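Each remark here refers to the structure printed beneath this line.
First listed ligand is number 1; within each ligand, the first listed atom is number 1. Side chains included, hydrogens not; waters and symmetry mates left out as well; all remaining heavy atoms used. A quick note: this is a predicted structure, and the numbers were derived from the prediction, not measured.
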Amino acid sequence: MLNRPEPTFRESVDLMFNRAVALMDLPPGLEEKIRVCNSTYTVRFGVRLRGQIKTLTGYRAVHSEHMEPVKGGIRYSLGVNQDEVEALAALMTYKCALVETPFGGSKGGLCIDPREYEEHELEMITRRFTYELAKRDLINPSQNVPAPDMGTGEREMAWMADQYARMNTTDINSRACVTGKPPHAGGIQGRVEATGRGVQFALQEFFRHPEDVKAANLSGSLDGKRVIVQGLGNVGYHAAKFLSEEDGAKITGIIERDGGLYDEKGLNIEDVHQHIVRSGGVKGFPSGEYVVDASKLLEEKCDILIPAAIEGVINIGNADRVQANLIIEAANGPVTAPADEILRKKGIVIVPDMFANAGGVTVSYFEWVKNLSHIRFGRMGRRQEEARHQLIVNELQRLDEHLGSSWSMSPGFKKKYLRGAGELELVRSGLDDTMRAAYQSMREVWHSRDDVPDLRMAAYLVSIGRVATSYKAKGL
Ligand code: GLU
């Protein structure tokens with residue numbers, strides 16, 4: 001254990017930033033300009049609930065406006081505070097730069113426990129908070145575009161978009177004021193699964209590089225790998241589901257609010273999810289072992305550990321007992337800066353948050369572009385693509401008839417080949433491409449420089465470099 005206090009979340013992000021920036025040759029002052037959060041707006045507003053006026057506190061931090069709009073989610077949680085939103089806003093800046101979405105970084109939060117409120121109460125609260133932010137252009141299609149985060153989802157985004165539209169009746173682009181909306185209210189297919197899907201694509205790309213797999217003391221592919229997931233919320237659920245159902249990974253452990261589940265043979269994620277939906281927790285799940293002190297599962301032996309809930313879960317207090325070979329940060333900031341150092345010394349490879357969970361903002365970018373272009377992806381080209389494929393299939397069919405039994409098309413080829421890509425396929429393809437390219441940009445730095453010991457530092461170097469270039473182009 002290290003003999004020093006745990007930094008706050010924002011300090012942790014700054015420590016990681018400083019470690020990377022020490023290797024860069026930035027003009028004096030620019031380093032500080034990039035590190036600091038540009039502004040944080042705090043609002044306290046009253047809402048009449050259950051016959052009483054309740055005062056709520058909300059924040060929207062804008063970390064960097066080197067590109068606009070700035071982008072980042074809004075979370076509803078009792079843990080929300082200024083330090084947290086500023087840390088998260090900074091991570092958004094670096095995340096957007098790393099995956100090349102043309103946004104600055106921002107983040108917001110409302111200090112409430114959403115489970116304490118009825119739906120109509122949450123709607124009132126959300127509309128009021130939206131009003132406060134929109135009034136100051138902290139929600140605006142060209143300046144600041146929120147999205148879901150912990151405790152918020154499609155429903156809240158639909159309320160926000162509608163509230164903004166009511167306040168800006170002639171803004172033709174009003175739908176682009178938030179992302180993560182339901183598909184029937186200006187959203188895009190594949191946004192709900194996006195962050196978990198991005199974690200899957202990130203791991204698939206990691207396992208395409210045997211040198212990197214070896215660095216984590218692993219071998220082979222994702223097939224059969226033992227995975228422990230902390231948090232089976234939207235991100236953890238989708239990541240675990242796709243990895244187990246499509247890549248053959250075994251989810252041996254799940255850590256949830258009310259306890260954990262452990263099964264060497266692997267847990268069925270859809271069954272566990274349904275059980276949580278029905279009963280509110282993992283307790284009583286018929287297979288596997290129920291673990292009361294779920295946090296102990298973070299220290300259990302596994303190949304891949306996926307912290308997918310909140311920041312700071314791997315810290316000075318438990319880092320030296322973590323036994324995973326590979327940690328992929330599906331949450332923002334799950335590993336504190338001192339814990340990062342301990343894990344590095346132990347030889348554990350970390351796929352950093354700003355890359356690993358960037359699937360959400362990447363698909364948000366697609367949604368924002370869709371809203372601004374006022375047309376669904378694939379609408380113009382799909383049938384044209386199908387018609388061109390039909391031409392080839394017709395030719396192959398002619399060949400088939402001509403050559404007789406010595407040659408034939410594989411079963412199912414025609415159907416698969418003829419189907420033009422719809423919005424969901426296009427979104428997944430764009431996301432896969434983004435995750436592959438971002439991983440490659442990180443690993444290139446990781447392997448080409450002796451002074452870059454890990455992927456996190458490489459990620460910071462790539463993203464800070466891009467932000468710096470953009471500031472320089474503005475003459476700063
Ligand atoms: N809240 C998500 C994140 O932390 C998504 C942000 C967005 O889509 O703008 O990346």
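In this structure, Arg19 fails the cation-pi test against Tyr460, since its NZ or CZ atom is not both closer than 6.0 Å to the six-membered ring centre and inside 45 degrees of the ring normal.
Checked against the 6.0 Å centroid criterion, the rings of His63 and Tyr94 qualify as a close aromatic pair.
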key: Thr8/Asp83 under side chain to side chain donor-acceptor pair (under 3.5 Å): CA gap, chis, key distance, verdict   = CA-CA 7 Å; Thr8 68; Asp83 185 276; 3.0 Å; yes

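By the 6.0 Å contact criterion, OH on Tyr439 is enclosed, its count of non-hydrogen atoms from other residues, nucleotides or ligands being greater than 12. Atom CD1 of Ile375 has more than 12 neighbouring heavy atoms from other residues, nucleotides or ligands inside a 6.0 Å radius.
Listed by chain and residue number, the protein contacts of ligand 1 are Lys71, Gly72, Gly73, Met92, Lys95, Lys107, Ala147, Pro148, Asp149, Arg191, Asn332, Gly360, Val361, Ser364 (heavy atom within 4.0 angstrom).
Counting only distance, with no hydrogens or angles, the side chain of Thr152 and the backbone of Ile74 share a donor-acceptor pair below 3.5 Å.
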